Amino acid sequence: MEKKGISLKTIILFSWPVLLILGLLIWRFSSKGENRAGKKLYQMYCSNCHMEKGEGLRNLIPSLENSSLIDQSPEKLVCLIRNGLDPENPTAQNPNIKLVMPAHPTLTANEITSLIQYLQQSWDSQKPLISFQTVENEINNCP
Ligand code: HEC
């Protein structure tokens, strides 16, 4: 049999380890870099007050780590983020907190989706991640 440069067989034989390593790298980085958009939004709009890990600030800012809203009813976060929250609001978890949370009316449905999904992922919520559709519906019905 005549040799014609690199045969298909050689390519197949030697390419699979390369593909395997490439696949592993892609898998690793995509699971590591999960929801970067949401994290960025959190750092931009929320972590100033609620702190980097959502621990809050004593009786001034509530902890998000312990907020049952994120775990139980993530859809309630939509209007809370859009409209802010004051001490008169029944969703406030800690009655000792007297500060008002500012409204974020410029955040889009897309951004709010990423943001809430990031909170759900970071706090290991058992519920399925909130969908864009749910966020959009909530926004349309915000008070
Ligand atoms: C200027 C400070 C400030 C910023 C910025 C801020 N918050 Fe708040 N947040 C508060 C305060 C103060 C409260 C409590 C208000 C109350 O109880 O009346 C609160 C309450 C909350 C609650 C309700 C917690 C509970 O269980 O009662 C959630 C959830 C929340 N914030 C999420 C966010 C998210 C998400 C962002 C980013 C988009 C954000 N906050 C940005 C100050 C802030």
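As the structure lists them, so they are numbered: ligands from 1, and atoms in each ligand from 1. Note that the structure is predicted; figures quoted are calculated from it, not measured.
When non-hydrogen atoms are compared, ligand 1 lies under 4.0 Å from the side chain of Pro62 (C-beta onward) but not from its backbone. For Leu64, every heavy-atom contact with ligand 1 shorter than 4.0 Å involves the side chain, none the backbone. The part of Pro102 lying near ligand 1 is the side chain, judged by heavy-atom distances below 4.0 Å. Here Asp86 has backbone heavy atoms under 4.0 Å from ligand 1, and that is the only part of it that gets that close.
The backbone N or O of Asn110 lies less than 3.5 Å from a partner atom in the side chain of Ser114, making a donor-acceptor pair. At distances below 3.5 Å, not a single donor-acceptor pair connects side-chain atoms of Thr10 with backbone N or O atoms of Ile6. In this structure a side-chain-to-backbone donor-acceptor pair under 3.5 Å is present from Asn141 to Asn137. Without hydrogens or angle criteria, Glu111 side chain to Thr108 main chain gives a donor-acceptor distance under 3.5 Å.
Shortest non-hydrogen contact noted between Tyr45 and His104 is O-NE2, 3.6 Å. Between Pro143 and Asn83, the closest heavy-atom pair is O-ND2, 3.3 Å. Between Thr134 and Glu75, the shortest heavy-atom distance links the atoms CG2-CB, 4.1 Å. Residue Ile97 comes nearest to Asn59 through the heavy atom pair CG1-O, 3.4 Å, listed as atom of the first residue, atom of the second, then distance.
At a threshold of 4.5 Å between non-hydrogen side-chain atoms, the residues His50 and Tyr42 count as touching. In this structure, Asp71 and Ser68 have side chains that are not in contact, with every pair of non-hydrogen atoms separated by 4.5 Å or more.
Atom 3 (C) of ligand 1 has as its closest protein heavy atom Cys49 SG, 2.7 Å. Of the protein's non-hydrogen atoms, the one nearest atom 25 (C) of ligand 1 is Gln93 CG, 2.8 Å. The protein heavy atom nearest to atom 10 (C) of ligand 1 is Met101 CB, 3.3 Å. In terms of protein heavy atoms, atom 17 (O) of ligand 1 is closest to Ala92 CB, 3.1 Å.
The shortest N or O to N or O distance between Val100 and ligand 1 is not under 3.5 Å. When only interatomic distances are considered, the shortest N/O to N/O separation between His50 and ligand 1 falls below 3.5 Å. An N or O contact shorter than 3.5 Å links Ser67 to ligand 1 by distance.
For ligand 1, the atoms closer than 4.0 angstrom to any heavy atom of Leu99 are 12 (C), 15 (C), 16 (C), 18 (O). Counting the atoms of ligand 1 from 1 in the order shown, those under 4.0 Å from a heavy atom of Ile81 are 35 (C), 38 (C). When each atom of ligand 1 is checked for a heavy atom of Tyr45 under 4.0 Å away, the hits are 5 (C), 37 (C), 38 (C), 41 (C). The ligand atoms of ligand 1 that sit less than 4.0 angstrom from a heavy atom of Leu115 are 38 (C). Per-residue contacts place Leu77 under 4.0 angstrom from the following atoms of ligand 1 (heavy atoms of the residue considered): 29 (C).
Under the 4.5 Å side-chain heavy-atom criterion for ILVMFWY residues, a single connected hydrophobic cluster contains both Trp123 and Leu80.
Note on Cys46: not counted as a metal contact of atom 8 (Fe) of ligand 1, no N/O/S atom lying under 2.8 Å.
Taking 4.0 Å as the cut-off, Asn48 does not count as a neighbour of ligand 1 on heavy-atom distance. By the 4.0 Å heavy-atom criterion, Leu60 is counted among the residues contacting ligand 1.
Of the N and O atoms on the side chains of Gln117 and Asn35, not one donor lies less than 3.5 Å from an acceptor on the other residue.
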